[in-house]
Number of protein chains: 2
Amino acid sequence: MIECHLRKLRLRDEISAAEEAALRGTIVDTVTHPAGRTIVHFGEALNYSTLVLDGFVGRYKDLKNGQRQITHVHVPGDFADLHGFTLKRLDHALLALTPCTIARASHTRLHEITETQAHLTRVMWFSTNVDAAIHREWEVSLGRRSAIQRAAHLFCELHVRLGVVGHAEAERYRFPISQAELAECLGLTPVHVNRVLRELRERGLVEFRNGLVAFQDLPGLKRLAEFDPGYLYLDPHPL
Amino acid sequence: MIECHLRKLRLRDEISAAEEAALRGTIVDTVTHPAGRTIVHFGEALNYSTLVLDGFVGRYKDLKNGQRQITHVHVPGDFADLHGFTLKRLDHALLALTPCTIARASHTRLHEITETQAHLTRVMWFSTNVDAAIHREWEVSLGRRSAIQRAAHLFCELHVRLGVVGHAEAERYRFPISQAELAECLGLTPVHVNRVLRELRERGLVEFRNGLVAFQDLPGLKRLAEFDPGYLYLDPHPL
DNA sequence: CGTAGGCTTGATTGAACTCAACAAGTGTGG
DNA sequence: CCACACTTGTTGAGTTCAATCAAGCCTACG
């Protein structure tokens, strides 16, 4: 059930059987949500953190004029709000971008882990730090990259992150969100996203259609996006 | 010496004398850097984390075309790369935006803290999570706010963060960086930043001149920026 | 006192936005 | 079963915000 999460952690460091058991022990229940559902609201007080088992979950923030910015896209195996364990309320909301299944990890039990399992605590800390690294890369996209580069970069990032948990093939993966939601990730309007997707298609780089990302020229796409996966910290390094 | 840092932590939670001593014990030396110096390079392996004692430090990422994006501005009392403790190398560089003094905290000693001081570990974890929250707010600025709102929001954010550590007055604070560096924070060109600053001045909201931010109408500025300091997590909450 | 870096302004260009219309697909209820 | 609403995607025309290009102005300093 939390295999995806463990697989990701084990790319970086060893997780003992005892640690695995402790992590499993934090899970108190499993819930499914339809696409479009807000899973955790802005400012809500938290007693649980949300581990994505299946589907895509987004973090977003609203603006007064009704616009919103998605600040992070979570894939299966990600904790969507492990930071909520220390923050206790979120500065953003969590949204089911697709139908999804999530497990809820009790903060009480996470607290016990921090009291007794120093190594596992560092691993969890590490995991939130990678999230922050992804936020930084998105800042670079939003601040400095052109619309087409932003889209290309996101497709590359998700390919790597989904690959780690066995949810991507060599040249394609499922990513069933609308162009409007893609626009909210990229800081663009839906209309412009549509044009950008057409250009990516016409340049023979990648096709995004019917919730499927299909690469035609992955090296070319990475070159366009200046994609370097180093910020995802997937190399082994004991904590 | 690390009083600013402690003051900030104590807004959120109690820090015992023993914890304070442990934190002080991590510091192995103090270094000063001239403005413009890169303190930690991209990808560099780390054995120390950087605590800002005085001056401003930026996190930035370079692009191939020579542009760069500053993803975070650190004020005195901030750890600029506490996340480096778990990441072990940085996905960004650290830059002295002004002349600055930093203390270096040994990762070996931070490791000891994580082995023996669960509460203090949670506090440090919390501290990196607030950094991530600031990254998210910047994503919203870069993705969705107009140029003038972005500038206004940054001035508001720094006012609060500097206030916490006693580096801001009610209506003004020192922030001696160039318009070009401001542009790198805001995802704009230096020329446009210049025009935006003029407009903020002419609209009677804020003046930025000679390294000084002087508010003329702080409520108006906050309204323009839609500034809500909740994402800084400055309210008390025991960990 | 000459030069470089930072600031300022004007003119022009361009990337992305806005507004508007329409097509295709989906679901629903009469 | 069809009419209708609704969502999502597509395209065109016109606009706007910020970028680019270019020039001139300080003032700090070697």
Side-chain angles (χ1 to χ4, degrees), chain A residues 34-37 56 63 65-69 95-99 141-154 175-203 206-214 224-225, chain B residues 34-37 56 63 65-70 95-99 141-154 175-203 206-214 224:
Chain A
R37 164 88 52 86
F56 291 87
L63 282 99
N65 63 6
Q67 290 192 99
R68 61 183 185 185
Q69 176 67 39
L95 169 71
L97 291 167
T98 66
S141 273
L142 293 165
R144 289 285 175 228
R145 290 197 250 256
S146 67
I148 195 166
Q149 286 180 307
R150 280 183 224 180
H153 200 280
L154 179 60
F175 185 41
I177 73 168
S178 69
Q179 293 182 4
E181 288 160 330
L182 201 49
E184 289 175 336
C185 294
L186 300 175
L188 301 169
T189 57
V191 172
H192 198 60
V193 164
N194 182 279
R195 296 187 220 270
V196 161
L197 291 174
R198 171 150 56 97
E199 185 168 352
L200 285 169
R201 204 183 321 127
E202 287 172 356
R203 282 165 71 166
V206 63
E207 257 188 75
F208 178 72
R209 247 187 218 297
N210 304 318
L212 188 76
V213 176
L224 171 64
Chain B
R37 163 87 52 85
F56 291 87
L63 282 99
N65 64 6
Q67 290 191 100
R68 62 184 184 184
Q69 177 66 40
I70 294 176
L95 169 73
L97 291 166
T98 66
S141 274
L142 293 165
R144 290 285 176 226
R145 290 198 249 258
S146 67
I148 196 167
Q149 285 180 307
R150 281 183 223 180
H153 200 279
L154 179 60
F175 185 41
I177 73 168
S178 69
Q179 294 183 1
E181 288 160 330
L182 201 50
E184 290 174 335
C185 294
L186 301 175
L188 301 169
T189 57
V191 172
H192 198 62
V193 163
N194 183 278
R195 296 188 220 270
V196 162
L197 291 173
R198 171 150 55 97
E199 186 168 352
L200 285 170
R201 203 185 319 125
E202 286 172 355
R203 282 165 71 167
V206 63
E207 258 188 73
F208 178 73
R209 247 188 219 298
N210 305 318
L212 188 75
V213 176
L224 171 65

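Quick note on labels: first sequence line is chain A, next is B, and so on, each numbered from 1.
Both A/I177 and A/R144 lie close to DNA chain D; mapped to their nearest nucleotides by heavy-atom distance, the more 5′-ward contact belongs to A/I177. Residue-to-nucleotide proximity on DNA chain D shows that, of B/R150 and A/N194, the 5′-proximal contact is made by A/N194.
Residue B/R209 is in sugar-phosphate contact alone, with no base atom involved, counting any heavy-atom pair closer than 4.0 Å across all strands shown. Residue contacts shown for B/V191 include a base, since a base heavy atom lies under 4.0 Å away.
Here A/T189 reaches the OP1 or OP2 of C/dC17: one of its side-chain N or O atoms lies under 4.0 Å away. One finds no side-chain N or O of B/R198 lying less than 4.0 angstrom from the OP1 or OP2 phosphate oxygen of C/dT8.
For B/S178, whose side chain is taken as the heavy atoms from C-beta onward, the closest listed nucleotide among C/dC7, C/dT8, C/dA16 is C/dC7.
Here the C1' atom of nucleotide C/dT18 and the CD atom of A/Q67 are 12 Å apart, to the nearest Å. Rounded to whole angstrom, the span from the NE2 atom of B/H192 across to the C1' atom of C/dT13 amounts to 15 Å. Atom CZ in A/R145 sits about 17 Å away from atom P in D/dA19, given to the nearest Å. Here the P atom of nucleotide C/dT9 and the CG atom of B/L197 are 11 Å apart, to the nearest Å. Atom CD in B/E199 sits roughly 11 Å away from atom C1' in D/dC17 (whole-Å rounding). To the nearest angstrom, C1' of C/dT8 lies 15 Å from CD of B/E207. Counting to the nearest Å, the P atom of C/dG5 and the CD atom of B/Q179 are 16 Å from each other. Between the CG atom of B/N65 and the C1' atom of D/dA19 there is a distance of 13 Å, rounded to whole Å.
Residues A/R150 and A/H153 are not in side-chain contact: their nearest non-hydrogen atoms beyond the backbone lie 4.5 Å or more apart. Taking the side chain as every heavy atom from C-beta outward, B/L186 and B/V196 never approach each other to under 4.5 Å. Side-chain contact between A/R145 and B/L63 is present, with heavy atoms from C-beta onward closer than 4.5 Å.
When every heavy atom of B/C185 is checked against every heavy atom of B/L154, the shortest pair comes out as CB-CD2, 4.2 Å.
A donor-acceptor contact under 3.5 Å links the side chain of A/R195 to the base of C/dT18.
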